[in-house]
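Just follow the structure's listing: the first ligand is 1, and inside any ligand the first atom is 1.
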Amino acid sequence: MAKTIQSVKGMRDLLPEQTTQWQFLEHTLSTILTRYGYREIRTPILEMSDLFERSVGETSDIVEKEMYTFTDQGDDRLSLRPEGTASTVRAGIEQGLLYNQQQRLWYMGPMFRRERPQKGRYRQFHQIGAETFGMAGPDIDAELIAMTARFWDALGLKNIRLELNSLGTPESRAAYRHTLVEYFTAHAAQLDADSQRRLHKNPLRILDSKNPAMQDLIAAAPSLHDHLDDESQQHFAKLCNLLDTLGISYTLNPRLVRGLDYYTHTVFEWITDELGSQGTVCAGGRYDGLVSQLGGHATTGCGFAMGLERLLELREAQQLQAAPFQPDIYLILAGGAAVPSGLQLAEQLRSALPQLTIQANVGGGSFKAQMKRADKSGAAYSLILGEDELAAGQIGLKAMQGQFEGQRSLSLDNELAQHLLAAIQA
Ligand code: HAM
């Protein structure tokens, strides 16, 4: 036998049992997004590599070591998208969606990062994200966060906490960066290798270190909040007031800096303790400078993205599973002559009863084998059409799960759909 080929490390197949859960998640979230006035945007999975270098940031972990980048036959340097914000902004500028306009957009799809795979962390993962443009005030930040809170309710998820911070304007962030470099340089001997590397490239990321040996040093570091200018402080205070009004609890986390470079002002993460180290299920914030940084007219932006694998793993941990797929009716076609009439009948029933799922037996098999398949399909009822039934102008109806005993006969006439519905709804 030829050698089999495996999927790429960190990239998974989703089997039918899982896609039922995915479809439930996608449907629930997209319905809420639509109810808040968001419209879907679909952008290509491949983009010019420059796009992510100029937005996510050249010194971010994502761009430095995690992107799938290659040069194509035309010498273009391309990357599989590691996230959706940059692509949405690129498309918004290119398609004229942003200038002098307000937009509420959402997207869904695979993202790619070559991270070390573990539970909750994959090399191909999926996000649903939302991006808003042209709304400068903290009211849109608050509305976005309220919408995410509604997601958790709709998905039945509990114990997800909101952490909030402000990174201020680029100017206040630059001033803070300077102070932070001074502080960490004075304590250079205590920095681990990762932090030493970040010291001049991306010192804010040192605050994000999970190394226990670094925690005291980080806790004593100067706080970003002391460096926020008045405008940033006001934006943040108003956001906190709005969240209080909306009854949304949060914790202020001055160490929350995020791994992507484009943020200004508000940043937030929704975190659970039930998924181990990969507990952030949703993250986002404001990126007021990004549109102009990518060549568009200055337009404010704010958004978030959720990791769908993590949300599904959390639903599993909290024992929340969508009902598995089961057809309502399995149509048994016993004997060759029953096949053409049976397939025709199945089409007629599907037209007449769009609310029912009807799975016809295809591929032959004895009556017993077909009955086994009907059982395995989980169908509540089987319809049995054999040569005898055809000759008598009848079809058998059998409850698979004991709703009624034995088998009933229904006439194969124009009223069959109504009689069938009445029989199974009784
Ligand atoms: P992010 O924090 O890089 O932000 O990713 C958002 C979410 O995607 C994470 O909180 C996590 O749930 C999920 N995620 C990230 N990496 C992985 C992975 N390797 N495996 C599984 N799940 C993962 C962004 O991507 C920003 N674009 C969010 C944003 C939108 N900010 C403003 N607008």
Side-chain angles (χ1 to χ4, degrees), residues 8-12 14 22 25 29 33 38 41 43 47 51-52 55-57 60-63 65-68 80-90 92 103-133 135 140-141 144-145 147-148 151-152 155 157 160-163 165 167 205 208 256-272 274-291 300-315:
V8 177
K9 186 175 172 191
M11 307 199 179
R12 305 180 309 158
L14 298 175
W22 281 77
L25 184 74
L29 299 180
L33 281 155
Y38 286 73
I41 181 163
T43 61
E47 295 275 2
L51 174 64
F52 304 111
S55 54
V56 174
S60 65
D61 284 351
I62 295 176
V63 170
K65 46 190 186 194
E66 295 169 1
M67 282 210 299
Y68 286 91
L80 285 173
R81 62 181 183 195
E83 59 107 53
T85 310
S87 306
T88 307
V89 171
R90 196 266 314 134
Q103 289 289 355
R104 284 181 171 86
L105 304 172
W106 73 273
Y107 53 84
M108 165 163 79
M111 309 290 163
F112 302 85
R113 298 182 193 177
R114 201 174 185 286
E115 297 189 80
R116 195 168 47 77
Q118 63 178 88
K119 185 175 155 61
R121 191 164 72 191
Y122 307 98
R123 290 183 173 178
Q124 173 174 320
F125 61 99
H126 298 77
Q127 288 184 342
I128 287 185
E131 312 293 350
T132 67
F133 298 95
M135 291 165 263
I140 188 66
D141 307 17
L144 271 170
I145 291 174
M147 181 169 70
T148 50
F151 291 155
W152 318 146
L155 295 172
L157 293 171
I160 310 181
R161 63 173 189 281
L162 174 62
E163 293 195 357
N165 192 20
L167 300 179
R205 290 288 288 157
D208 222 16
L256 182 69
V257 290
R258 308 276 301 122
L260 305 95
D261 282 356
Y262 46 63
Y263 292 107
T264 53
H265 297 290
T266 314
V267 288
F268 64 91
E269 291 191 358
W270 286 95
I271 303 168
T272 169
E274 294 176 36
L275 293 180
S277 64
Q278 304 304 312
T280 304
V281 294
C282 172
R286 186 162 268 288
Y287 45 86
D288 291 343
L290 184 57
V291 176
T300 62
C302 184
F304 64 82
M306 298 169 278
L308 302 189
E309 283 80 0
R310 293 187 191 176
L311 287 175
L312 286 166
E313 282 164 17
L314 188 58
R315 267 177 59 84

Query raised in the report: Numbering the atoms of ligand 1 from 1, which are under 4.0 Å from a heavy atom of Gly284?
Result: 31 (N)

**Report entry** Identity and distance of the protein heavy atom lying nearest atom 20 (N) of ligand 1
**Finding:** Tyr122 N, 3.0 Å

Query - Identified side chain to side chain contact (heavy atoms under 4.5 Å, CB included) partner of Glu131 from the options Tyr287, Trp106, Tyr38 - result: Tyr287

Query raised in the report: For Tyr287, is the nearest heavy atom under 4.0 Å from an atom of ligand 1?
Result: yes

Report summary line: If we number the atoms of ligand 1 from 1 as shown, the ones under 4.0 Å from a heavy atom of Val281 are 12 (O)

Query - Steps toward side-chain contact (heavy atoms from CB on, under 4.5 Å) verdict (Arg121, Arg116) - result: CA-CA 7 Å; Arg121 191 164 72 191; Arg116 195 168 47 77; 3.5 Å; yes

**Report entry** Atoms in ligand 1 with a heavy atom of Tyr263 nearer than 4.0 Å
**Finding:** 26 (C), 28 (C), 29 (C), 31 (N), 32 (C)

Query raised in the report: Looking at Ala305, which atoms of ligand 1 are within less than 4.0 Å of one of its heavy atoms?
Result: 6 (C), 7 (C), 28 (C), 29 (C), 30 (C)

Query raised in the report: Quick one: which of Arg113, Glu83, Glu115 has a heavy atom closest to atom 19 (N) of ligand 1?
Result: Glu115

Query raised in the report: Are Thr280 and Glu269 close enough, and set up right, to give a side chain to side chain donor-acceptor pair (under 3.5 Å), and what steps lead you there?
Result: CA-CA 6 Å; Thr280 304; Glu269 291 191 358; 3.3 Å; yes

Requested in this report: Would you check, one step at a time, whether the test side-chain contact (heavy atoms from CB on, under 4.5 Å) holds for Val267 with Val257?
Outcome: CA-CA 7 Å; Val267 288; Val257 290; over 6 Å; no

Query raised in the report: If you measure from CG on Leu290 to OG1 on Thr300, what distance do you get to the nearest 0.5 Å?
Result: 11.5 Å

Query raised in the report: In terms of atom number and element, which parts of ligand 1 are under 4.0 angstrom from non-hydrogen atoms of Ala283?
Result: 2 (O), 10 (O), 28 (C), 29 (C)

Report summary line: Tested for side chain to side chain contact (heavy atoms under 4.5 Å, CB included) against Asp141, the lone hit among His265, Arg286, Met135 is Arg286

Requested in this report: Evaluate whether atom CZ of Arg114 has more than 12 neighbouring non-hydrogen atoms of other residues, nucleotides or ligands under 6.0 angstrom away.
Outcome: no

Report task. Walk me through it: do Phe112 and Met11 pass the test side-chain contact (heavy atoms from CB on, under 4.5 Å)? Result -> CA-CA 9 Å; Phe112 302 85; Met11 307 199 179; 4.1 Å; yes

Query raised in the report: Can you tell which part of Arg121 has a heavy atom less than 4.0 Å from ligand 1: side chain, backbone, both or neither?
Result: both

Report task. Show your working on side-chain contact (heavy atoms from CB on, under 4.5 Å) between Thr272 and Arg310 and close with a plain yes or no. Result -> CA-CA 10 Å; Thr272 169; Arg310 293 187 191 176; over 6 Å; no

Query raised in the report: Among Tyr262, Phe112, Phe304, which residue places a heavy atom closest to atom 26 (C) of ligand 1?
Result: Tyr262

Query raised in the report: atom 1 (P) of ligand 1: which of Met306, Gln118, Arg258 has the nearest heavy atom?
Result: Arg258

Query raised in the report: Of Gln127, Arg123, Glu131, which has the heavy atom at the shortest distance from atom 24 (C) of ligand 1?
Result: Gln127

Report task. Could you tell me the separation between the CD atom of Glu83 and the CE atom of Met67, rounded to the nearest 0.5 Å? Result -> 10.0 Å

Query raised in the report: Among all protein non-hydrogen atoms, which one is nearest to atom 23 (C) of ligand 1, and what is the separation to 0.1 Å?
Result: Phe125 CD1, 3.3 Å

Query raised in the report: Under the side chain to side chain donor-acceptor pair (under 3.5 Å) criterion, do Ser277 and Gln118 qualify, and how do the steps go?
Result: CA-CA 10 Å; Ser277 64; Gln118 63 178 88; 3.0 Å; yes

Query - Protein contact to atom 12 (O) of ligand 1 [nearest heavy atom, distance to 0.1 Å] - result: Thr280 O, 2.9 Å

Report task. Taking only heavy atoms of Thr85 into account, list the atoms of ligand 1 that are under 4.0 Å away from them. Result -> 26 (C), 27 (N), 29 (C), 30 (C), 31 (N), 32 (C), 33 (N)

**Report entry** Which of the ligand 1 atoms, numbered from 1, are nearer than 4.0 Å to a heavy atom of Leu260
**Finding:** 3 (O), 4 (O)

Requested in this report: From atom 21 (C) of ligand 1, work out which of Gly120, Gly10, Gly307 has a heavy atom at the shortest distance.
Outcome: Gly120

**Report entry** Atoms in ligand 1 with a heavy atom of Gly303 nearer than 4.0 Å
**Finding:** 30 (C), 31 (N), 32 (C), 33 (N)

